[in-house]
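To start, the structure itself, in structure tokens.
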Number of protein chains: 2
Amino acid sequence: MTDPLARQPGYALRRAANAMMGELAARLSPLDLRISDASVLMLIARRKDASSSEIGRILDIKRANMAPLLARLEAAGLIRREPIDRKSMAILLTAAGESRLAETDRIIEQFERDLLARIPEEHRDHLLPALNALWR
Amino acid sequence: MTDPLARQPGYALRRAANAMMGELAARLSPLDLRISDASVLMLIARRKDASSSEIGRILDIKRANMAPLLARLEAAGLIRREPIDRKSMAILLTAAGESRLAETDRIIEQFERDLLARIPEEHRDHLLPALNALWR
DNA sequence: CCGGTTTTGGTATTGAACATAGCAATTCCC
DNA sequence: GGGAATTGCTATGTTCAATACCAAAACCGG
């Protein structure tokens, strides 16, 4: 039952990302947040007054996909929009958004710790720089 | 424009896998193969006479998703099915499947080489074991 | 300060990968 | 022999991401 494709970094990357996303989605679901919701919330907090297109540019989420995502977060009362000019809108966390974000941060931190713990320590510190070399 | 989330291994894993899949899909599209098509072809060649449920078990593709995938490969003339008993079917490569697989192998090999080349060499050899620790 | 270009926010739609629920037939195994 | 598990499959839903297109506002060179 051993998988002969597991020697290929590309395949391993796909499988690892998949397993990771599945587990993270499960841990976030009690908060009623999808993975991309959580990443947007975290970014908003670190980049106050960013417009939706700015957020999309940083996280690589297309405008078309950002619109329904933000609509969902707004409907959930986690963010509000404030006009910057007659075209752009600043995305801000509401009080509810702040507290949801705090829960999110706790979950994510624990998750990242658990993730790293699974990696043999001689490889551990190499993962982040290796991954970042693949997309940044 | 720097992305503050890039310090998190989970986020970096998602972004790296995403970038990788996008590029691989582009390289495979001249062959009219999706990524999962290619992985199934490669597995069939290494595990002759495997049934569809066996392949699914190894690659972690659910029965429900394997059915249309194999139907596509069969319609493209790349595989054929041969009864093992009155319930199970062996999945075999046709001649066209063999030659398509050869092209696939060339593309994948080059792709994996390019992937690794992007990683600073001091991290390179750690990627595969680190990733495999996350799902195997 | 005018007018073409770019940016912004949005809708509608599509594709790929993956998941669950259910079904009929066959095989497994006590 | 018969209940339990396995196999192949349909139908359907979810999540993420992409394309095409739109109107309005902002930007910027002449």
Side-chain angles (χ1 to χ4, degrees), chain A residues 1 10-11 13-29 32-40 49-75 79-91 135, chain B residues 1 10-11 13-29 32-40 49-75 79-91 135:
Chain A
M1 202 69 58
Y11 182 75
L13 180 52
R14 181 155 79 110
R15 295 294 300 260
N18 222 301
M20 181 274 293
M21 304 258 295
E23 188 181 331
L24 180 54
R27 294 204 195 185
L28 286 177
S29 75
D32 241 314
L33 291 178
R34 301 176 188 176
I35 292 178
S36 41
D37 293 344
S39 67
V40 167
D49 281 37
S51 67
S52 101
S53 56
E54 231 172 314
I55 295 169
R57 232 174 290 123
I58 295 173
L59 296 181
D60 248 325
I61 301 177
K62 296 262 185 308
R63 273 172 297 129
N65 300 320
M66 189 59 82
L69 194 164
L70 290 180
R72 245 194 354 265
L73 292 180
E74 191 172 34
I79 63 167
R80 65 196 165 81
R81 310 183 206 212
E82 204 163 85
I84 292 175
D85 51 35
R86 272 185 298 173
K87 191 167 66 166
S88 303
M89 302 290 271
I91 310 296
W135 67 276
Chain B
M1 203 68 60
Y11 182 75
L13 180 53
R14 180 155 80 111
R15 296 295 299 261
N18 222 300
M20 181 275 292
M21 304 257 296
E23 189 182 332
L24 179 54
R27 293 202 194 187
L28 286 177
S29 74
D32 242 314
L33 291 179
R34 301 178 190 175
I35 293 178
S36 41
D37 294 344
S39 67
V40 167
D49 282 37
S51 68
S52 102
S53 57
E54 229 172 315
I55 295 169
R57 232 174 289 122
I58 294 172
L59 295 181
D60 247 324
I61 301 176
K62 295 263 185 308
R63 274 171 298 130
N65 299 321
M66 190 58 84
L69 195 164
L70 290 180
R72 244 192 356 264
L73 292 180
E74 191 172 34
I79 62 165
R80 66 195 164 82
R81 310 184 205 212
E82 206 164 85
I84 292 175
D85 52 37
R86 273 183 299 175
K87 190 168 65 165
S88 303
M89 303 290 271
I91 310 296
W135 67 276

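Each chain gets a letter, A, B and so on, in the order the sequences are listed, and its residues count up from 1. Predicted model, so just to flag it, every value in this text is computed and none were measured.
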Intermediate values then yes/no, side chain to side chain contact (heavy atoms under 4.5 Å, CB included), A:Leu69 and A:Ser36: CA-CA 8 Å; A:Leu69 194 164; A:Ser36 41; 4.0 Å; yes
Atom-to-atom span, CG of B:Leu70 to P of D:dT7 - whole angstrom: 14 Å
Distance in angstrom units between A:Ile61 CD1 and D:dA18 P, rounded: 10 Å
Note: B:Arg72-B:Glu74 ion pair, threshold 4.0 Å (strictly below): no
Atom pair distance, as rounded to whole Å: CG in A:Asp85 and P in D:dA26: 5 Å
Closest to side chain of B:Lys62, choosing from C:dT26, C:dT20, C:dT8: C:dT20
Nearest-nucleotide comparison on DNA chain C, the residue closer to the 5′ end among A:Ser51 and B:Ile35: A:Ser51
side-chain N/O B:Ser36 vs C:dA17 OP1/OP2, d < 4.0 Å: yes
N/O (side chain, A:Arg63) to phosphate O (OP1/OP2, C:dT7) under 4.0 Å: no
Between D:dG8 (C1') and B:Met89 (CE): distance, integer Å: 9 Å
Integer-rounded Å distance: C:dG15 C1' and B:Leu69 CG: 14 Å
Distance-only donor-acceptor test (3.5 Å): side chain B:Lys87, base C:dT26: yes
Donor-acceptor contact present, side-chain A:Ser29 to main-chain A:Ala26, <3.5 Å: yes
Rounded distance in Å - CG (B:Asn65) to C1' (D:dT14): 12 Å
Toward the 5' end of DNA chain D, by each residue's nearest nucleotide, B:Ser53 or A:Arg34: B:Ser53
Spacing between B:Glu23 atom CD and D:dA18 atom C1', to the nearest angstrom: 17 Å
Side chain to side chain contact (heavy atoms under 4.5 Å, CB included) between A:Arg34 and A:Leu28, intermediate numbers included: CA-CA 7 Å; A:Arg34 301 176 188 176; A:Leu28 286 177; over 6 Å; no
Whole-Å gap separating P (C:dC28) and CZ (B:Arg86): 11 Å
Residue closer to the 5' end of DNA chain D, A:Asp37 versus A:Ala64 (nearest nucleotide): A:Asp37
Residue-phosphate contact under 4.0 Å: A:Asn18 side-chain N/O, C:dA17 OP1/OP2: no
Working for side chain to side chain contact (heavy atoms under 4.5 Å, CB included), residues A:Met21 and B:Leu13: CA-CA 9 Å; A:Met21 304 258 295; B:Leu13 180 53; over 6 Å; no
B:Arg81 side-chain N/O to D:dC9 phosphate OP1/OP2 under 4.0 Å: yes
